[in-house]
Each structure stands twice: as structure tokens, then as C-alpha cells.
Protein chains: 2
Amino acid sequence: MPRNTRTSSGRPSVTLKDVAERVGVTSSAASMALGGHGRISEKTRQAIREAAAELGYVPSSAGRALRNQRSGAVALIVPDTSQHVLGHSYFMHVLTGISAAANARDVQVILSTTTEEAGDVAAYQRVVRSRSADGAIVTSAAVTDPGLEALVASGLPVVLIGNFPYLPDAVSVGIDDVAASRRATEHLLDVHGRTELVHVTGPLDHQTGIDRRIGFLDAIEASGGRAHGRLLEGDFSEAAGRQAVESLLGRGTGVDGIVFANDDMAFGGLQALKAAGRSVPGDVSIVGFDDFGLSRVTTPGITTMRAPAEDMARRATERLFRVIDGSGGSPDRLTLPVDLVVRDSCGCPAA
Amino acid sequence: MPRNTRTSSGRPSVTLKDVAERVGVTSSAASMALGGHGRISEKTRQAIREAAAELGYVPSSAGRALRNQRSGAVALIVPDTSQHVLGHSYFMHVLTGISAAANARDVQVILSTTTEEAGDVAAYQRVVRSRSADGAIVTSAAVTDPGLEALVASGLPVVLIGNFPYLPDAVSVGIDDVAASRRATEHLLDVHGRTELVHVTGPLDHQTGIDRRIGFLDAIEASGGRAHGRLLEGDFSEAAGRQAVESLLGRGTGVDGIVFANDDMAFGGLQALKAAGRSVPGDVSIVGFDDFGLSRVTTPGITTMRAPAEDMARRATERLFRVIDGSGGSPDRLTLPVDLVVRDSCGCPAA
DNA sequence: GTGTTGTGCTTTATCGATTAAGCACGTAGA
DNA sequence: TCTACGTGCTTAATCGATAAAGCACAACAC
């Protein structure tokens, strides 16, 4: 009868000692047998393996973490600001990617949302100092986030999703927002002959907001005066897209193309345009950015740039493992390609 | 100079011993001071608190978990079947709710997706036996899932989201799918006078699929022969909704109302109806179920029953804490109200 | 027959936090 | 003056897994 220890909730729990006692050896022998280290006879090794299987032994994560000084977990840190809440479908893609990579290595995924109540810096630091994760993936952080720099400086292995030019030493995975945004804009210019363009930006304290704005302006400039571009500041929210369009229509100025910095705003804008009786893409061509799900299901479907969120997350996680293992060698910055997904909102014939 | 230990990745780590040495006491005294237990003079207690703050001490989760026999984490277990993948927006709502409740108690959230490779039962058991979580939330499990029963029987505190009549002893949080589905059906019958109805079911190995089907049939029966109902089996996927409608139109039978068991299928069906030139809601009224985001953004908007996923998850987590703490008292089954969200697809005038 | 090498385990120490038990030293009561 | 008790810490043990070091015993060489 193995001496089962019990947890606080009264649950019996099989430890290595139970396995060892059943075979008649010490827990050290059992550890070596299961781990494949040390000198254990094949016969004993076999017996221990069988006993472990019979008892359903799984190593205690706490015991192992304490001894090995690594937890076998990675954290996804989500700064829960008003703009980027966990509830966005973007995070599902990210989580799917992280889970896939983590499962392949039998690593746990910890979801760490930073609450507003506790200070930002403290929130990051808790994960670091409690050593509950061996590394962290951070996404959608503001460029002004002070906690992020501290996190990277803390020495905890961190991989960022997105672009962080202010943190040149950080390992990151992202896309070329400037080029992608430029391409979206050029689609309206070159394919559809639109010339009176407006860009509704993202929040300009986020690098994606900054870069997509630059890409838009680059395209306008490259047109050599053929096209005109104006800017309206948004914040990635559907409401911001709607308001931007409403203010635009209110002014009565001529607009034949709108480049939204993301799909949520594009959808908001689309609703406002329809409400005002403007035809999309008849009167106005619009493009969005992200393709996290929304742009496919609207009417008309929104032409957009597909940001490969799941793939970014998967690769970020794989890189994180390499950083944790100390087997670097890969470049600090990985940029994934972005595809133009043509739908109806730009004026292209339905696929 | 505190003797900082180092983790495997070379990161300095502040332990209780470092705090204690700075003050000139043992780590036991420091533990008692910070924990408020034992007999420590107010002066020493103050000094220890200051030292801890200065050094940025945060308890090692592994050390604490090992000693206390509880990890300070809860797991969300997601059976990653072909039908319910992590990528669905439903999980964002669930994660948001769990995070909110867990953050309020300073508890970590572990995301545990069961990979297909490892056996189902083993996947559940890993979380249980490694004791990496003090409890688990399980959602969208099939009624036939053998691992679920084993999980509940294992003694690990578990709260289920959804209905599980086969597990009467399990603590669960859910909605009344039968009543809600009946109400959705009756909306088409009573408000819009539809009489030739079809129900596209969910997967019938999931209780939601079973119950929503029953609710539909109840409504038909209660109509006293005034309405006729037919069934088509689906699987909650957009493609299933499309196929169901296509087969329906192919047969050429008269249909003036379709009750889809969820919004994804409703959207698929909506596309098929539009492609066939049928007007929604002119020719056919449709209703969906869930309101996780999709039904709001389609054209027309899909009238649906709002399943309060985030609230369910939050309450499930709070109940899980009570189960973990052993402070029961609440009923084993919590049923939350479901609201009818009227949009355009049923024929109601636009809000 | 004595030293050498190898095998197969056990003993012991460690990771960090926590708590029961123990031990000085002081104060108060008889 | 001697005992009783309270205060404020320290010592030691524990949680579970792991690995270095140690210790019998066997097989082999010279």
C-alpha cells in the first residue's frame, strides 16, 4: 500500500516515493530510472516504469520547478489597456499559436493579464520574480509602456510580438507594417484609381499605429502628386472608425478611398458610410488591416492586409524556447510576410 | 550584499533568505513577519517589510506551492476537438471572465488545451496529477468525453461550464438551453407568424446540441399543430449551416423560418440564402444562438439568444474558488438567464 | 591473493517557503 | 528568591524531485 500524501483539498497524490516504494528502491533510483540518467539496471528500470504507469505517476510541477529552477511554463502577458482588451479576437489567434508551440514541448501556458489596479510595472514584475514562468511573450504593448523595458532588462527571456524600435536588443516577431500599409494604400491608388484618400490611424502611442500611418503617407508621396492624403486619428475601435467617417462626411469634402489602420475601424466606418447612403465600394473604396475574422463576415467583405497572428505567436514561442535554452543564433528580429486579402470593399470583382 | 541565487537562465533572484539576511534575522523570521504569523516584534516586522520592498521580493511560486500543497493557479481545460477549437471567439469571453475572477484573487490562469496526440484521458490527468493547478474549469466538453468523468472523479476541484446531466454531482454553471431555444423558436412563431420551420442542430454529442433541439421541438409541439418543424443535423460550423440551407433549397420545400443552434451556422445559412436569391428576413426569418460577436456584424444582423459566456466564466471561477476553499453551501448547479437579442434577420423592424 | 574497474544502488544535500518546536531572556507574581 | 509565563527569535523538519557523492559487491587482471 503506497503511502499517498494528500493535498490540501484531500486529494490523494502519487509521488515519486510511492513509485519507488512499490518497487522496493529509493526515490533517487526511481528518479534516475525515469529520467534515463545514472546507473540503473534494465530490470529495475523496467519495474519502475511499470509502477509509475500503474500508479499514474506524474511529477509534481512544484517539486520539479523548485529543484530545476525552471517552471516548465511560459507566460503570455497582455497589457489590459482600454484599447487592447483581452476580449479581442486577435488574442485567440495568439493563444492558439502559443498553445500549439507550447504543447509540442509539453510546456504550460500561463495567461497573465495586467490589472489596472496594480501598477503596470508591478504587474510585469510579479511574473518575473515569482519565477512562475521561464519566459514571456508580450504583445500589443504601447511604445510608452515603462514596464516593458523593465521586463526586458530584468533578464527574463522575453519575446515581443510587434515592432519595438525603442528596444533594439529585444527579440521580436512581427510584420512590416509600413510596407503593408503602403501596399494597401497603393491598391486603392493603382488598381482602383482612387485619388482622394483618407487614413484613419491607430493609436499613435502604439508602433503599429505609427507605422501604418507612415506607410500610408509613403504611398501618397510616391504617387507624385497624383493622389492626396489626409489623416484622422483613431484608436483601433469600431467607434473611432465610425466617428472618423461621420466627421469626414460632415465636412462635405470629397473622399473616394479610406485606408483604415485596422478592420474594427473599417467596420465602424463602413456602417457610417452605409448609414449616410454612400455606396461601398461604389462611392468610396475602403481597406482595413488585420483579417482576424471580422473583415470576412461583413457586407461588403472588407479588403484587408492579413497579419498572421497565429503564426507570429507560434514562432515567437519557438524563439522564446531557444532564448530560454540559450541556443540563440537566430536574428533578433523576425519579420513575417503580409498578404493582401481582396474582398468587396475596395471595388474588386467578387472572388 | 545579499547572496542572490541565480536561475538556470542566469537571472538573479531574490529569495526570502536575501531579505532576512539584509535585516539580520533568519528566513523563518522573515516568513513570519511577512505572513503576519508567529511572534515577531513590530520593529523587526517593519524592517523586514522594508527590506522586502527594497529588494523587490516576490515569493517563489514553486517553493510556496511545494510547501503549501497548492499552486495558486487554476486551469482552463479546453478539449481541442475538431468542432470546438480554441480559436473561437467564445473562448475569449470565457478567458476574459476567468481572468477577471482570478486576478481579483491573485491567482494564475493556466491554459490547458488537450492535444489530439496524447490520449484524451491522459491530457486531463496531466493537469490533475502534476498539481500545477488547484482546480479546473472545463468547457465545451462532449457528453461522451470519458476524460471528463475521470477528472471529476479524481477529486480535483472542477467546475463545468455548460450542462452535464450525466454528471449530477459536478458543480456547473450554464444556461437553460431548452428554454432559450424554445423562446427563440417561439419568436419566429408568435411574433413573425412563421409556420414552416427548420432547426439546424448542433452536434448531438454535445449537450447544447441536444437541448437546443429539444427546445425547438417543444415550441413546435406547443403550437398545437399550427406550425411544422423539421430537423437537420449540423455541427456548429459555418459550413454546416451553409450545407443545411443548400440541401433545404435543393429539395424545394417551403420554409419560412430557420432556427440555427448557433450563430456560426446561422451565418453560413444566411450566406447560402443570399446566394440563392432568398431575402432574409423577407422570404425566410432566421435566428441564431450565442451572440459571441458574429451575429452583430453581419448583414442583416442575426437575431439571437445571448449566452452570457463571460459572466458564466466569471461565476464558474468564483465557484471554483469556493470549492477549493471547501466553503461550499451554494447549489451545485447555477443557471444564468439568457436574453433574446433582436436584430434584423427575424423580420423585426431595425432598432 | 591483491589491486582495479565497473555496476547498482543508497545516502545526502539542495531548491524556497513555511511552521512546529525549542531556547534564551525578561518580567511578574507568590 | 524562586517559579511561571510571555516575548522574540532560532533550529529543524517538511513539501517532491534531482544529482553528486558514497558504498557495497562482483568481475577481472596481474
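Chain letters run A, B, ... following the sequence lines, proteins first and then strands; every chain starts at 1.
- Rounded to a whole Å, the CZ atom of B/R67 is 13 Å from the P atom of C/dA17.
- Between C/dT19, D/dG16, D/dT10, one nucleotide has an atom nearer to the side chain of B/V25 than all others, and that is D/dT10.
- Qualifying side-chain hydrogen bond (donor to acceptor under 3.5 Å, both in side chains) partners for B/T26, counting only residues two or more places apart in sequence or in other chains: none.
- Among the candidates B/V171, B/L151, B/L148, the single residue satisfying the side-chain contact (heavy atoms from CB on, under 4.5 Å) test with B/L160 is B/L148.
- Relative to the side chain of B/A29, the nucleotides D/dT18, C/dT18, D/dT10 differ in distance, and D/dT10 lies closest.
- With rounding to the nearest 0.5 Å, the separation of CD1 in B/I77 from CD1 in B/I110 is 10.0 Å.
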Could you list the donor-acceptor pairs under 3.5 angstrom formed by side chains in residues 40-51 of chain A, with sequence neighbours left out?
from: A/S41; atom 1: OG; to: A/T44; atom 2: N; distance (Å): 3.2
from: A/S41; atom 1: OG; to: A/T44; atom 2: OG1; distance (Å): 2.8
from: A/R45; atom 1: NH1; to: A/A33; atom 2: O; distance (Å): 3.4
from: A/R45; atom 1: NH2; to: A/I40; atom 2: O; distance (Å): 3.1

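- When each of A/G24 and B/S27 is assigned the nucleotide of DNA chain C bearing its nearest heavy atom, the one mapping closer to the 5' terminus is A/G24.
- When rounded to the nearest whole Å, the span between CG of B/D134 and P of D/dC15 equals 18 Å.
- Listed by chain and number, the residues in a side-chain hydrogen bond (donor to acceptor under 3.5 Å, both in side chains) with A/E54 are A/R22 (sequence neighbours excluded).
- Atom C1' of nucleotide C/dT19 and atom CE of B/M32 are separated by 6 Å, given to the nearest angstrom.
- Residue B/T26 is in base contact, counting any heavy-atom pair closer than 4.0 Å across all strands shown.
- Here B/S28 lies in heavy-atom contact (under 4.0 Å) with a base.
- For C/dG16, the OP1/OP2 oxygens have a side-chain nitrogen or oxygen of A/Q69 closer than 4.0 Å.
- Taking atom CG of B/L66 as the reference point, atom P of C/dC15 lies 14 Å away to the nearest angstrom.
- Taken from CG in A/L76 to CD1 in A/I98, the straight-line distance is 4.0 Å, to the nearest 0.5 Å.
- Protein atom CG of B/L16 is 12 Å distant from nucleotide atom P of D/dT10, rounded to whole Å.
- Only A/H37, A/R39, listed by number, bring a heavy atom of residues 34-53 of chain A to less than 4.0 angstrom from any atom of DNA chain D.
- Contacts of A/D169 classified as salt bridge (Lys or Arg N to Asp or Glu O under 4.0 Å), with partners at least two apart in sequence or in another chain: none.
- Separation of atoms CG (B/L34) and OG (B/S27) is listed at 11.0 Å; rounding is to 0.5 Å.
- Using five terminal pairs a side, the axes of the helix from C/dG1-D/dC30 to C/dA30-D/dT1 at its two ends make an angle of 70°, given in steps of 10 degrees.
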Working for salt bridge (Lys or Arg N to Asp or Glu O under 4.0 Å), residues A/R322 and A/E318: CA-CA 7 Å; A/R322 265 181 261 132; A/E318 284 161 1; 5.0 Å; no
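- For D/dA17, the OP1/OP2 oxygens have a side-chain nitrogen or oxygen of A/Y57 closer than 4.0 Å.
- Contact annotation: B/S60 side-chain N/O to C/dG16 OP1/OP2 distance is not under 4.0 Å.
- Atom C1' of nucleotide D/dC15 and atom CZ of A/R64 are separated by 16 Å, given to the nearest angstrom.
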